[in-house]
Structures are given as structure tokens and as C-alpha cells.
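Below is one structure; the comments refer to it alone.
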Amino acid sequence: MSSHPVAETVASLMPRARTELTELVAFKSVADFDQFPKSESEGAANWVADALRTEGFQDVALLDTPDGTQSVYGFLPGPEGAKTVLLYAHYDVQPPLDEAGWTSPPFELTERDGRWYGRGAADCKGGVIMHLLALRALKANGGVPVHVKVIAEGSEEQGTGGLERYAEEHPDLLAADTIVIGDTGNFRVGLPTVTSTLRGMTLVRVQIDTLEGNLHSGQFGGAAPDALSALIRVLDSLRAKDGSTTVDGLAAQASWDGLTYEEEQFRQDAKVLDGVELIGSGSVADRIWARPAVTVLGIDCPPVVGATPSVQAGARALVSLRVPPGVDAAEATKLLQAHLEAHTPWGARVRTEQIGQGQPFSADTTSPAYSAMAEAMAVAYPGQEMQYAGQGGSIPLCNTLAALYPQAEILLIGLSEPEAQIHALNESVSPEELERLSVAEALFLQNYAAN
């Protein structure tokens with residue numbers, strides 16, 4: 001770690017950061033109120049609001065967004081005439097999945113083997129703490145040299161678009177010269193990385209019906225059209241033999257020209273079982289950052305336990321399509337729906353419904369903000385040069401902000417490197433990454449103010 005005064009300050013603040021992350025992780029702030037109490041999300045929102053007030057933020061507010069959740073906003077004024085920087089994170093988290101599969105309780109921050117484990121530790125409650133650390137370090141070293149807006153979203157993981165719609169309805173609220181999205185991560189621990197592209201996404205529900213009701217498979221099977229079999233045929237049509245995504249009319253041959261992702265490293269990061277092949281063609285980076293990817297997220301059909309010998313009258317699935325940069329997500333949705341309908345066999349009745357969408361994103365990496373971040377990361381990560389990577393995931397808010405503020409520069413950094421296992425069991429954050437990225441963000445704000 002650098003001996004820079006800002007780095008020394010951040011190092012001294014890490015015990016406090018751990019205490020605060022412990023408090024924030026303890027809230028079961030999953031924005032699915034059918035599964036988790038709304039009071040848990042409200043508690044996390046109030047924690048963030050109180051933290052901003054403690055740091056001297058003005059106009060701190062809990063914004064009631066159209067999807068029934070709250071985003072937390074605050075404004076910290078800087079010197080007169082200074083630039084404005086928006087810092088983004090989200091306090092909502094993914095469900096813990098099978099709590100029994102966690103080595104330690106998902107909502108209790110637990111140190112193990114040099115990492116801090118807990119749901120949201122990296123994605124993205126750690127991002128909230130990162131912003132706080134950076135601002136505290138600046139206060140202790142000459143002050144915060146820019147106007148700072150902080151927005152902590154309450155439903156990012158649900159993809160329900162509350163903050164996007166709120167921002168569109170209040171276009172001045174989040175206006176900034178530069179936006180730092182603290183919700184991505186380094187390519188690997190210790191390698192400073194900005195994410196320059198994001199895939200978009202669309203979610204489509206497909207329902208197939210063939211009969212008025214289930215039938216005895218002995219009496220009718222062989223002639224009666226099975227809706228589940230029809231659905232399986234449809235879903236299989238979305239992939240070529242090598243596993244590449246094949247949606248009729250959707251371009252799938254783009255290539256990635258940035259950071260190289262070695263296949264063996266990917267196998268380790270994804271924990272692919274021995275002997276199981278990777279799917280798709282082209283480089284790993286092509287597949288996960290530059291090309292579309294379809295995933296069947298769920299199927300409604302009889303469970304194995306308790307299944308009866310029946311021909312199924314109806315079946316449905318939820319299909320996700322990750323949309324590469326350069327492709328319009330709305331157009332991709334139309335192509336996906338048309339494909340599902342065209343590939344439904346036997347004249348079965350098919351209905352498709354879009355239930356979520358986010359556009360892909362590409363940043364301007366030639367902007368002054370990127371130069372300021374590169375200089376900052378070189379200090380926070382001595383001997384390392386800042387890298388550009390894509391990300392297969394989606395942050396729909398990026399496109400909303402890019403559309404609202406076309407002159408704003410947008411940088412994506414964060415704590416979700418591969419070892420963090422975000423969205424999976426045993427999510428964790430590297431405290432060293434939290435420390436270094438907080439230093440990088442603080443120095444970035446200094447560099448950016450001086451440009």
C-alpha cells in the first residue's frame with residue numbers, strides 16, 4: 001500500500017469501516033417484500049441516511065421511488081465553482097439462497113482467511129462504505145475539493161427500475177459532471193480495473209399451453225401434445241450445439257479488444273467442474289462481455305418429488321437475455337419473443353411477456369475523468385496500471401444517467417472481483433480491496449478537481 005497521506009488515513013479508518021459494514025450487512029435488505037420484511041430495507045436506508053448526515057451532507061432524503069422502495073440521497077457542498085461528482089452504490093442485496101450452505105450466517109459479517117463474509121459485503125454495501133472512507137480521508141487531508149452527491153439505491157438487485165424512473169421524473173437531482181458507479185469490481189484482486197462496458201438485459205416469461213388439463217400418460221401419451229416437452233424444445237432452440245446463444249436475427253459475433261480473460265482463469269473463477277466444457281465460441285472475453293447470452297432462470301413444471309404419470313397441459317419459463325453493447329435492448333426483446341414464438345412446435349399456444357429490461361452501456365475511456373482515475377489507481381496500487389474490462393452484468397441506471405446527462409463522464413469501479421462470489425453462497429469482500437479502492441476514489445476526486 002502507498003505511504004501517501006490519504007492512504008495512511010484510510011488505513012487508520014479500516015477498523016471503523018469494518019464495524020460499519022457489520023452494522024449494514026446485518027439488515028436483511030432484500031427488496032422483495034414477499035420474502036423479506038420491508039422494515040429491513042427501511043432500516044438499511046435509514047442507516048445510510050444517518051451516515052450521510054454525520055458526514056455533513058445536506059438535503060439528505062429518503063426518496064420514495066415508483067417501485068415501492070427507497071433510495072437515499074445527500075449533497076455535500078464543496079468549494080465555490082467546483083465540479084460536481086455523483087457517487088453511486090446500492091444497499092439492497094440478493095437473497096442469501098440456501099442459508100444452510102453458508103459457512104457463517106449470511107447477515108453476520110464474519111472474518112475468515114483474510115476476507116469479510118456476508119451478503120452484500122461486496123455487492124454493494126461495501127460500496128457505500130468505500131464512498132464514506134474516501135470522503136473521510138479527503139476531509140482529513142485538506143477537505144473535499146468537489147461538490148459531492150451520493151445516491152444509494154434500494155432495489156438495484158430486483159431490476160424493477162424505481163430509481164431510473166425517479167431520476168427521469170426529477171432530472172436535476174442527480175446531475176453531475178462525473179458519475180462514479182461503485183458497483184463493479186477489479187478483474188482480479190490487486191489489479192485495478194475500470195469497467196468500460198456493460199451488457200444490457202431483458203427478461204421474458206414464456207407460457208406454453210396444449211391441453212385443457214393434464215392427462216394420464218399411459219392412456220394419452222404418445223399422441224397428446226405435452227406442453228413441457230414443447231417448452232423444452234423451445235428453450236433448446238436458444239443455443240447452438242456448442243452452447244452459443246442463438247436468437248434468430250440477433251448478432252452474436254462481436255469481439256472484445258481489451259483485457260484478455262484466460263480460459264483456465266475463467267474455469268477457476270466460475271468453479272467449472274473437472275471435465276465439463278465451457279460453452280460458446282470465440283475468446284472468453286468475447287463470450288461474456290461482447291456477445292449475447294441467454295439463461296433459463298426458472299421453469300414452472302411438476303417437481304420430481306410427488307410427480308404423477310401425466311402429460312402436462314401447460315408449462316412456463318423465465319428467460320434472461322444479456323444484451324451486448326451496441327445492441328438495443330428493446331429490439332433484442334422483440335427478437336427473443338419472436339424466436340420463442342416461431343420455435344414453438346406442434347401448433348402449441350404460446351404467450352410471451354417482457355417483465356424487465358435494461359440497456360447496455362459503453363463509456364468514453366478517453367475522457368479527463370479516466371486519466372484522473374488512472375493516476376489515482378497507480379498510487380493506490382503501486383506498480384500496477386489501470387486496466388479496462390467489460391462486465392457481463394447489467395446496471396440499467398447507467399444508461400438512464402447517460403441519457404439524462406450526456407456530457408457527464410461515467411466511471412465504474414467496485415469491490416466485486418471474482419473471489420467475492422457475489423449473488424452466490426458465501427459472498428465476501430477483500431478488506432485490502434476496500435482499502436485500496438477507497439484510496440483510489442479519494443485521490444481521483446483530488447485529481448479530477450485539479451484538472
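In this text, all values refer to a predicted model and were calculated from it rather than measured experimentally.
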Side chains of [X] and [Y]: do they bring a donor and an acceptor to under 3.5 Å?
X: T365; Y: Y388; answer: no
X: T400; Y: E164; answer: no
X: D67; Y: T160; answer: yes
X: E417; Y: S430; answer: no
X: Q158; Y: D92; answer: no

I'd like to know if the side chain of [X] and the backbone of [Y] have a donor-acceptor N/O pair within less than 3.5 Å.
X: T246; Y: S237; value: yes
X: Q357; Y: T333; value: no
X: R119; Y: P95; value: yes
X: Q337; Y: V204; value: no
X: T245; Y: V294; value: yes
X: Y405; Y: P171; value: yes
X: D226; Y: V311; value: no
X: E409; Y: A369; value: yes
X: R287; Y: I279; value: yes
X: R233; Y: H343; value: no

Would you call [X] and [Y] a side-chain contact if the rule is heavy atoms closer than 4.5 Å?
X: Q391; Y: L412; result: no
X: M386; Y: Y381; result: no
X: E42; Y: Q70; result: yes
X: D123; Y: D183; result: yes
X: E55; Y: L132; result: yes
X: P360; Y: L198; result: no
X: V25; Y: W116; result: no
X: L174; Y: Y73; result: yes

In Å, rounded to the nearest 0.5 Å, how long is the span from [atom1] of [X] to [atom2] of [Y]?
X: N46; Y: Y91; atom1: CG; atom2: OH; result: 8.5 Å
X: E263; Y: S283; atom1: CD; atom2: OG; result: 8.5 Å
X: S438; Y: E433; atom1: OG; atom2: CD; result: 10.5 Å
X: L250; Y: L321; atom1: CG; atom2: CG; result: 6.0 Å
X: R322; Y: S320; atom1: CZ; atom2: OG; result: 5.0 Å
X: L21; Y: I129; atom1: CG; atom2: CD1; result: 5.5 Å

[atom1]/[X]: more than 12 non-hydrogen atoms of other groups inside 6.0 Å:
X: K334; atom1: NZ; result: no
X: K149; atom1: NZ; result: yes
X: E277; atom1: CD; result: no
X: E385; atom1: CD; result: no
X: R267; atom1: CZ; result: yes

Audit row: R436, E432, salt bridge (Lys or Arg N to Asp or Glu O under 4.0 Å) steps and yes/no | CA-CA 6 Å; R436 286 185 290 226; E432 288 79 14; 5.9 Å; no

How far apart are the C-alpha atoms of D209 and R351, what are their side-chain angles, what is the distance that settles it, and do they pass the salt bridge (Lys or Arg N to Asp or Glu O under 4.0 Å) test?
-> CA-CA 9 Å; D209 296 292; R351 286 180 290 124; 3.8 Å; yes

Look at the rings of H90 and Y88 and say which category their plane angle falls in: under 30° parallel, 30 to 60° tilted, over 60° perpendicular.
->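 Tilted.
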
May I have the step-by-step check of side-chain contact (heavy atoms from CB on, under 4.5 Å) for L191 and Q384, ending in yes or no?
-> CA-CA 7 Å; L191 184 67; Q384 296 283 1; 3.5 Å; yes

Please say which of F266, W256, F361 ends up in a ring-ring contact (aromatic ring centres under 6.0 Å, His included) with W289.
-> W256

For the pair V148 and V146, evaluate side-chain contact (heavy atoms from CB on, under 4.5 Å) and give the outcome as yes or no after the intermediate values.
-> CA-CA 6 Å; V148 175; V146 294; 3.8 Å; yes

How close do [X] and [Y] get, heavy atom to heavy atom, and via which atoms?
X: A167; Y: L404; answer: O-CD1, 3.6 Å
X: A376; Y: A440; answer: CB-O, 3.3 Å
X: A176; Y: A408; answer: O-CB, 3.4 Å
X: A121; Y: V429; answer: O-CB, 3.6 Å
X: R112; Y: S104; answer: NH1-OG, 3.1 Å
X: A227; Y: A315; answer: CB-N, 4.0 Å

Test side-chain contact (heavy atoms from CB on, under 4.5 Å) applied to L415 and I422, step by step = CA-CA 10 Å; L415 300 162; I422 65 168; over 6 Å; no

Verdict with supporting geometry, T195 and I181, side-chain contact (heavy atoms from CB on, under 4.5 Å) = CA-CA 10 Å; T195 299; I181 305 284; over 6 Å; no

